[in-house]
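In what follows, a structure is listed as structure tokens, so that the remarks can point back to it.
All values reported here derive from a predicted model rather than from experimental measurement. Labels below follow one simple rule: chain letters A, B, ... track the order of the sequence lines, proteins then strands, and each chain is numbered from 1.
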Amino acid sequence: MRRFRARVRVMPRPSLLDPQGQAVAHALGELGFRGVAAVRVGRTVELTLEAESAEAAREGALAMCGRLLANPVTEDFALDAVEPA
Amino acid sequence: MRRFRARVRVMPRPSLLDPQGQAVAHALGELGFRGVAAVRVGRTVELTLEAESAEAAREGALAMCGRLLANPVTEDFALDAVEPA
Amino acid sequence: MSARAREGDPPLTPELVRRHGLTADELERIRGILGRDPTYVELGIFSALWSEHCAYKHSRPVLKSFPTDGPQVLQGPGENAGVLRLGHGWAVVFKMESHNHPSAVEPYQGAATGVGGILRDIFTMGARPVALLDSLRFGPLERERPRYLMRGVVRGIGDYGNCVGVPTVGGDVAFDDAYEGNPLVNAMCVGLVREDELIRARAAGPGNPVMVVGSRTGRDGIHGASFASAELSAQSESRRPQVQVGDPFTEKLLIEASLELIGSGHIVAIQDMGAAGLTSSAAEMAARGGVGVDLDARAVPVRETEMTPYEVLLSESQERMLVVARRGREREVEAICRTWELTATAIGRVTDDGVFRVRWGDEVVAEIPGRDLVERAPVYAPAARESPAIARLRERALPAGAGPGQDLGAALERLLDLPTIASKRWVYEQYDTSVQTSTVMGPGGDAAVLRVRGTPLGLAVTSGGSGRYVWLDPYEGGKAAVAEAARNIAVTGARPLGITDCLNFGNPEKPEVFYQFREACRGIADACRALGTPVTGGNVSFYNESPAGAVYPTPMIGMVGVLPDVSRRVGAAFRAPGDVIVCLGRVRGELGGSQYLSLVTGEVFGRPPRVDLEAARALVDCLVEGAERGLLASAHDVSEGGLAVALAECGMLAPEPLGFDADLGAVAGAPPDALPAAAVLFGEDQGVAVVSVAPAAAAELAAVAGRHGVPLAAIGTVGRPGGAARLAVGGERVERPVAALRRGYENGLPRRLDGGAGMSLAQGA
Amino acid sequence: MKFAVVRFPGSNCDADAFAAAEAAGAAATYVWHRSTDLEGADVVVLPGGFSYGDYLRAGAIARFSPVLRAVAAHAAAGRPVLGICNGFQVLCEAGLLPGALVRNAGLAFVCRQVAVRVETDATPFTARYRPGQVLRMPVAHGEGRYVADEATLDRLEREDRVVFRYAGDNPNGAMRDIAGITNEGRNVVGLMPHPERAVEAALGSDDGAAVFAMAAVAAGV
Ligand SMILES: Nc1ncnc2c1ncn2[C@@H]1O[C@H](COP(=O)(O)OP(=O)(O)O)[C@@H](O)[C@H]1O
Ligand SMILES: [Mg+2]
């Protein structure tokens, strides 16, 4: 068994209003940042996994997204990285 | 001016308690996932920026992290990607 | 066996001693107790327990002057919380505490963990927490930092209280330059317990196991107690302890598990691990019980790797409890904890040698006579001297006629928009105020009222205090804080029972600060005596200073009261058109230190309102009897903003705002001695309430007031929904649609706080 | 008539729901989330609170509790299930009701009395109300904005499955002002407002009491 770190990104569906993203965009404007066209805020879940291989860790992480980490009604997910930890 | 998409990852400092990560780790265990050693939950902020260059976009995003996107007392941030949008 | 230094421990140098917040004299005292040099671990232990926060080095003698007795007192100061008898077999358990410094550094977590800590003080007594209150002070909202702090603090309090399911039903918020560098975050918790189910945190029974319950221990907040006992400065940035993160979910489980443990009979004592963590909880529990403890710090479940005994002993990780179980009942304790999905771990035993002994596996790392550790902490009697500059400000004359040709209507509008006076709806709508279904009167008026299920009783609760008055005149200000709390309780119809306090001051080693502290406490003590409300406990928070100076001396008073019949409670809002508006108490038009005065002059000066304690007591009695007889349709006391603001609030607070017509000539006095109009409208007299009564009840109320010797004047009538608020005094007239007043009052906070910069994503935006 | 009030770690309106059921003349029992036995209850209530701290997403973790299998079976048998606030969130996460509840549009927790219109009386929990009747009840939530795709929303409306709607003040930005919905079988109802906090005039409203007074309609079987 080896240790891996898997990084999952869960974002609100683009079709869904993201009031938090809007609030951040607005606040950035007030702070004087120019050129902020849009902001979306989602979640990052960093998993430390024991697995036989990177492939197994990746599969595990994807299964966790499907079951728990993302809500299929409102969110999309992506597995950004699987690295030895 | 061109458009870029910058992705910022903000995570709770490793030494701080992360009750959210703990709860997720516990839940994954109960769901029968084996080998989950640790979970940490943070944020992803996806910025769509107008900038002269990727370098300028990157600098802008980093400045935003320092001012607003991350809490310097409790969080670390990383800029994961800056791509043409 | 004697404690020995561990490999890698830093040597005992003067620098190390200083970094622990201990003086050379204190080190000598420690050597005297131990008969040798302390080990590094022992130095850490003394540092924590002898910090101002734990040992009350500078405040103990002063606090001794508080009245603490009364027939209603079941538990005075000295336990985790005070306890007063309510009747019908029930008792109320309550306490207030500060989390100012952690909140200045990290407002969200600082405030959240403050709530967590005060909750634990209540349920360790066997009481179920039924209400939270929060008293907050920030710099002006025109600036970004105070806005950021306020958003974070309110969200932190809300998220914690909402999650554990305890309604936050009251509090107060005020703003002033003096708090810009050092905000105040004081939280109060109120619980209910059957009198015969009270438990006290006293270790007993040599051989009984000591167990830790709840979260694992990390490196959070090491040295938090000594951090709380130093001024905030640029250096405190670097010395600042690791931020403590609250976990309200675990706290909720701890509440349930602790109450079940207490009810089970398997434990003899339980104490929360607050400031200075395992060290202070174990040492205090042992000292109270007159026993020793023998602990193995290595048995404590940890969250981080390679923690040292020093760190384990001083960690302030949240959501942990220390339990003394009955011998042989470890399994039962573990089982109860397990049903609540918590762990319980035995880490040592109670002993009969009176020694506070800590092991790390086979090594003994600390061995201190327990009683000396807690009771031989140094006590100081600092010098006290009034600041001449403040004395001059107090004596400075007010502008003649109370200010040059003001537009009084515009002044009323501006007062209602001041964040200190404006509606606090922005705050309390972020708090769950109705969970537990006992909130009979929530926030928005004066005190909140809860019902006590299964009895006819009502429980009234309030917290607050004016730092300005105390700054200008500490003795009068101290009296005023208690008198205002008592009025807030009494206008609901409840009888004040007792107080807890949170005394927020600057550095007591400065004579000007210690003077404020001593005099304010004298005022509090006198007022409590006169009002029959003993002090049952509280908290001292010194060193509330920033590079810009000390905060206003701000003793916050948390008071509880009881209504024999909750259905007789009285609200602040006018009820019915045609009701007679009555002013109770003598109006003196006191503008010194008032909001109006600083509005028109930009300064804080003058003599703050004086409190006639006998009159204050009479007013309380009169209000209580008026409510008992069912005479009062509404009652609201005068505080910031004076009579005009109080009347406007009575109109605006009705579900559908009600206009009114009031002529204050009757309370202004007759010419040539008549008070100036501005003084009558906006003076912050400490002893006045505005009530409304059905016309048929007016005569009986007058008789009641007469019997209590309370001056009474009928000043007007309640108008129609959406009508005009009309005020007349002398030749002056103010008239505004009550709906317009309400818009301004409701907008004061949102227009400054909603949207824009100063948000924090870390606090979920 | 017997109610089972499910308690998850972090539930905090369990006692309030229990009291409301008893006040309506029913018997009530608590069921711990690890249990799979509903003890013969006629009605199941998933109460409000913060199950598992609402960490990750409200209701996301609780929906995997063992008791949910029994609740799903109860629902599949056409028997009444009521999810209040966090309970509604759990039912959506579990797929027993469509859609999801996300962060309030105002980004802050909100607690206040709101007006809620009863849209249909064809559920066991609204049988005692008239459609169009407006009730006063408190809301108290941070993640109460009901969302679903347009097709789902249209279908809910078409099938008369929107049970409650905010009347005027929409406190969380819910799509189409939706405050509560029911499933196809009309026996599972979820709502964000708290009827159990509005069962006595002393608490500011007793408009919610009839939700628990389901006598005859009851078991629905
Ligand atoms: N921080 C707070 N948390 C909860 N309720 C608050 C807070 N601040 C003010 N309130 C409520 O708003 C109302 C008005 O507060 P305040 O003006 O301080 O009243 P008073 O002058 O009677 O003490 C009270 O009901 C109070 O409990
Ligand atoms: Mg008041």
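With a 4.5 Å cut-off on non-hydrogen atoms, C/Thr433 touches chain D through its backbone and its side chain both. When heavy atoms are compared at a cutoff of 4.5 Å, D/Ala15 does not approach chain C at all. Of the two parts of D/Glu196, only the backbone, made up of N, CA, C and O, holds a non-hydrogen atom closer than 4.5 Å to a non-hydrogen atom of chain C. Contacts of C/Arg451 with chain D are made by side-chain atoms alone, with heavy-atom separations under 4.5 Å and no backbone atom involved. For C/Val164, the part sitting under 4.5 Å from any heavy atom of chain D is the backbone (N, CA, C, O) and nothing else. In this structure, chain D has no heavy atom under 4.5 Å from any part of C/Ser567.
Of all heavy-atom pairs between C/Thr339 and D/Trp32, the closest is O-CZ2, 3.4 Å. Minimum interatomic distance between C/Asp432 and D/Ala140 (heavy atoms only, all atoms of both residues): OD2-CB, 3.6 Å.
The distance from atom CD of C/Glu429 to atom CZ of D/Phe109, rounded to the nearest 0.5 Å, is 11.0 Å. Atom CG of D/Leu203 is separated from atom CE of C/Met441 by 13.5 Å, given to the nearest 0.5 angstrom. The OG atom of D/Ser51 sits 12.0 Å away from the NZ atom of C/Lys252 when rounded to the nearest 0.5 Å.
Residue C/Arg575 qualifies as open at atom CZ: its count of foreign heavy atoms under 6.0 Å is 12 or below. Within 6.0 Å of CZ on C/Arg194 lie more than 12 heavy atoms contributed by other residues, nucleotides or ligands.
Checked against the 6.0 Å centroid criterion, the rings of D/Tyr52 and C/Phe249 qualify as a close aromatic pair.
For the set D/Gly53, D/Gly48, D/Pro138, D/Ala19, the count of heavy-atom pairs under 4.5 angstrom toward chain C peaks at D/Gly53. No other option in C/Val166, C/Asn162, C/Thr250 has as many heavy-atom pairs under 4.5 Å with chain D as C/Asn162. Highest contact tally toward chain C, considering only D/Ala108, D/Ala20, D/Cys13, is held by D/Ala108 [criterion: heavy-atom pairs under 4.5 Å].
Between D/Pro9 and C/Glu341 there is a side-chain heavy-atom pair separated by less than 4.5 Å. For the pair C/Thr437/D/Glu200, no side-chain contact is recorded, criterion being any heavy-atom separation below 4.5 Å from C-beta on. By the 4.5 Å heavy-atom criterion applied to side chains, C/Asp247 and D/Tyr55 are counted as neighbours.
Put simply, the side chain of D/Asn12 gets close to the backbone of C/Cys163: a donor and an acceptor are under 3.5 Å apart. Under the 3.5 Å distance criterion, the side-chain polar atoms of D/Asp16 are matched with a main-chain donor or acceptor of C/Gln436.
Side chain to side chain, D/Arg197 and C/Ser434 meet the donor-acceptor criterion of an N or O pair below 3.5 Å.
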